[in-house]
Amino acid sequence: MNEPPFEILLASPPEYDDLVAEIHRAGKFIAQVAMIDGVIVLETPGIDLNESTILRRVELDGFLAAIEKARKRLTAPKRES
């Protein structure tokens, strides 16, 4: 299976106090990792998103690696500007 790589994008949605790490592949949203009340959570797209903008099926091993990469980016120490 020769799929495009997973992409991790840090975002700052207004409904979150902290950054979230979005997981994408081929320009489509898969899930996001967020810190809520000190707990790292995985959130998947709901039914309110346009199906053409999301990806609902990916291979497990690659996705697990992407989740771990997203977690690491989200919890990395913040650098001074």
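For clarity, every value in this text was computed on a predicted model and none was experimentally measured. In what follows, every heavy atom counts, from backbone to side chain, and hydrogens, waters and symmetry copies are set aside.
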Qualifying ring-ring contact (aromatic ring centres under 6.0 Å, His included) pairs, either residue in residues 24-44, two or more places apart: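 Passing the test, one end in residues 24-44: His24-Phe29.
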ring-ring contact (aromatic ring centres under 6.0 Å, His included) partners for Phe6, two or more places apart: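 ring-ring contact (aromatic ring centres under 6.0 Å, His included) check on Phe6 returns nothing, list empty.
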Co-membership, hydrophobic cluster, residues Ile54 and Leu42, 4.5 Å side-chain: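 Shared cluster, no.
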Shared hydrophobic cluster, Leu74 / Val39 (ILVMFWY, side-chain heavy atoms < 4.5 Å):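 In one cluster with Leu74: Val39, no.
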Pairs where residues 25-37 contributes a residue and the test salt bridge (charged side-chain N to carboxylate O under 4.0 Å, His left out) is met, not counting sequence neighbours: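 Of all non-adjacent pairs touching residues 25-37, those that pass salt bridge (charged side-chain N to carboxylate O under 4.0 Å, His left out) are Arg25-Glu59.
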Interatomic distance, Thr75 atom OG1 to Lys72 atom NZ [nearest 0.5 angstrom]: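 Answer rounded to 0.5 Å: 9.0 Å.
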Ile67 CD1 to Ile40 CD1 distance, which is reported to the nearest 0.5 Å: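 Those atoms lie 11.5 Å apart.
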Could you list the donor-acceptor pairs under 3.5 angstrom formed between side-chain atoms of residues 7-17 and any protein atom two or more places apart in sequence or on another chain?
| from | atom 1 | to | atom 2 | distance (Å) |
| --- | --- | --- | --- | --- |
| Tyr16 | OH | Gln32 | NE2 | 2.9 |
| Tyr16 | OH | Glu43 | OE1 | 2.5 |
| Tyr16 | OH | Glu43 | OE2 | 3.3 |

Those residues that, when tested against Arg57, pass side-chain contact (heavy atoms from CB on, under 4.5 Å) (two or more places apart):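 Not a single residue meets the side-chain contact (heavy atoms from CB on, under 4.5 Å) criterion with Arg57.
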Shortest non-hydrogen contact between Leu55 and Val58, atoms and distance: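 Nearest heavy atoms, Leu55 then Val58: CD2-CG1, 3.7 Å.
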Exercise: identify the closest heavy-atom pair between Ile23 and Val33: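 The pair with the smallest heavy-atom distance is CD1-CG2, 4.3 Å.
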Contacts of type salt bridge (Lys or Arg N to Asp or Glu O under 4.0 Å), residue Arg71, not counting sequence neighbours: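 Partners of Arg71 by the salt bridge (Lys or Arg N to Asp or Glu O under 4.0 Å) criterion, ordered by chain and then number, come out as Glu68.
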Stepwise side chain to side chain contact (heavy atoms under 4.5 Å, CB included) check, Leu19 with Arg73: CA-CA 10 Å; Leu19 291 175; Arg73 289 208 46 205; over 6 Å; no
